Amino acid sequence: MKRILTLLAVSLVSLSACAQKAPKTIQLLEPSYDEGLTLMQALKERKSSSGFTEQEISLQDLSNILWAAVGVNRPDGKRTSPTGSNRQEIEVYAFFKTGAYYYNAQNHTLELVKEGDWRSLTGRRGADEAYLNLLFFADTDKTTNENPAGGGAATVSYVDVGYVSQNVYLACANAGIGSRARGGWDQQKLIETLGIKPSLVVVLGQTVGYCK
């Protein structure tokens, strides 16, 4: 009996450890189009929040938020948020306690980029306290002719990311989840840590989570 209890305890520990391990791919759910607030109600509830917690967001709400950001909403591959000349240069990365993920809009999946807690790299003032932090990168390879002489993102990308951020705000308002756009990241450290191409430039961050 003692041996059985010992084996059971070891099994429970192993299961707990596995639960904390970041999966390589997270298949997101189909967005729930027919639930929640009207557009006008969501606009009324939209606000910037503070005092986030690590309370888990449901897979359905997470799926809705990411799809609202830059998800594919038409058979021709066009997105929920517009971009200049349909360049689709805005890429979304999601930072959880267990790892950093890339949002693959075409497959509607999250793909592991780097295991570990990298939320502190996403912005200042409590970004590492929230369940989720999003970073919106502009792929400057897609806007080469509009890059400023000193490097960085093109002007059009700062406009395009505004649409993305507002979509996230509205999706969060619809779900009763807090959100806040933020700055304060270290571009070079993010490139080095995530191992992504230098042409990806962060133009905005956004924290998502339940509030205290």
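The figures that follow rest on heavy atoms only: side chains count, while hydrogens, waters and symmetry mates do not. Treat the numbers as computed from the prediction; the structure is a model and nothing was measured. Counting begins at 1 with the first residue of the sequence.
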Residues E91 and Y102: side-chain donor-acceptor under 3.5 angstrom: yes
For A130, does its backbone N or O pair with a side-chain atom of R119 as donor and acceptor, under 3.5 Å? yes
OG (S48) and CD (Q206) are apart, to the nearest 0.5 Å, by 8.0 Å
Measuring from S63:OG to Q27:CD, what's the distance to the nearest 0.5 Å? 8.5 Å
Between L43 and Q166, does a side-chain contact (heavy atoms from CB on, under 4.5 Å) hold up when you go through it step by step? CA-CA 10 Å; L43 285 166; Q166 180 73 331; 4.3 Å; yes
Between Y169 and R46, is there a cation-pi geometry (under 6.0 Å to ring centre, at most 45° from the normal)? yes
Partner of F137 under ring-ring contact (aromatic ring centres under 6.0 Å, His included), picked from Y103, Y93, W185, is Y93
Work out which heavy atom in A138 is nearest to a heavy atom in V203; give both atom names and the distance. CB-CG1, 4.1 Å
Under the 3.5 angstrom rule, does the side chain of Q187 hit a backbone N or O of L200 as a donor-acceptor pair? yes
Quick check on the hydrophobic clustering: are L135 and F52 connected, directly or via other members, by side-chain heavy-atom contacts under 4.5 Å? no
Any donor-acceptor N/O pair, H108 side chain to L29 backbone, under 3.5 Å: yes
So which atom in N167 and which in T80 form the shortest heavy-atom distance, rounded to 0.1 Å? ND2-O, 3.4 Å
With no hydrogens and no angle check, just 3.5 Å: does a side-chain donor-acceptor pair link Q188 and E192? yes
Closest heavy-atom pair and its distance - K197, D141: NZ-OD2, 3.5 Å
With a 4.5 Å cut-off on side-chain heavy-atom distances among I, L, V, M, F, W and Y, is there a chain of contacts connecting L62 to F95? no
Measuring from Q88:CD to Q106:CD, what's the distance to the nearest 0.5 Å? 7.0 Å
Do the non-hydrogen side-chain atoms of I26 and T109 ever get within less than 4.5 Å of each other? no
Path from L28 to Y131 over hydrophobic side-chain contacts below 4.5 Å: yes
Tell me if a side-chain donor or acceptor on D61 pairs with a main-chain N or O of A175 at a distance below 3.5 Å. no
By salt bridge (Lys or Arg N to Asp or Glu O under 4.0 Å), which residues pair with D186, not counting sequence neighbours? none
Would Y158 and V70 show up in the same hydrophobic cluster when neighbours are defined by side-chain heavy atoms closer than 4.5 Å? yes
Do we see a donor-acceptor contact under 3.5 Å between the side chains of N133 and T207? yes
Rounding to 0.5 Å, atoms OH (Y210) and CD (E56) come to a distance of 9.5 Å
Can you measure from CG (L121) to NZ (K114) and round to the nearest 0.5 angstrom? 10.5 Å
Would you check if there is a donor-acceptor pair between the side chains of T25 and E111 at a distance under 3.5 Å? no
No-hydrogen, no-angle side-chain donor-acceptor test under 3.5 Å, S157 and E89: yes
For the pair T193 (side chain) and K189 (backbone), establish whether a donor and an acceptor sit closer than 3.5 Å, ignoring hydrogens and angles. yes
Tell me yes or no: between the side chains of N64 and S32, is some donor less than 3.5 Å from an acceptor? yes
Short side-chain to backbone donor-acceptor contact, D160 and G84, under 3.5 Å: yes
Rounded to the nearest 0.5 angstrom, the CD1-OG distance for I65 and S58 is 8.0 Å
Over all heavy atoms of both residues, which pair between V168 and A69 is shortest? Give the atoms and the distance, please. CG2-CB, 3.7 Å
List the atom of G123, the atom of R182, and the distance in Å for their closest heavy-atom pair. CA-CD, 3.9 Å
Between A153 and V201 the two heavy atoms that sit nearest each other are N-CG1, 4.0 Å
Could you walk me through whether T143 and R87 satisfy the side-chain contact (heavy atoms from CB on, under 4.5 Å) test, starting with their C-alpha distance in whole Å, then the side-chain angles of each, then the deciding distance to 0.1 Å, before giving a yes or no? CA-CA 8 Å; T143 57; R87 291 184 181 90; 3.5 Å; yes
R180 side chain to S49 main-chain N or O, any donor-acceptor pair under 3.5 Å? yes
Given side chain to side chain donor-acceptor pair (under 3.5 Å), test E129 with T53 step by step and report yes or no. CA-CA 6 Å; E129 297 174 358; T53 74; over 6 Å; no
Donor-acceptor contact present, side-chain Q41 to main-chain A173, <3.5 Å: no
Taking the six-membered ring for Trp, are F96 and Y101 parallel (under 30°), tilted (30 to 60°) or perpendicular (over 60°)? perpendicular
Evaluate the side-chain proximity of T98 to D117: yes if any heavy-atom separation is below 4.5 Å, no if none is. no
Decide whether L112 and L134 are clustered together by the hydrophobic rule: side chain heavy atoms of Ile, Leu, Val, Met, Phe, Trp, Tyr closer than 4.5 Å, transitively. yes
Could you tell me whether a side-chain N or O of R79 sits under 3.5 Å from a main-chain N or O of N73, the two making a donor and an acceptor? no
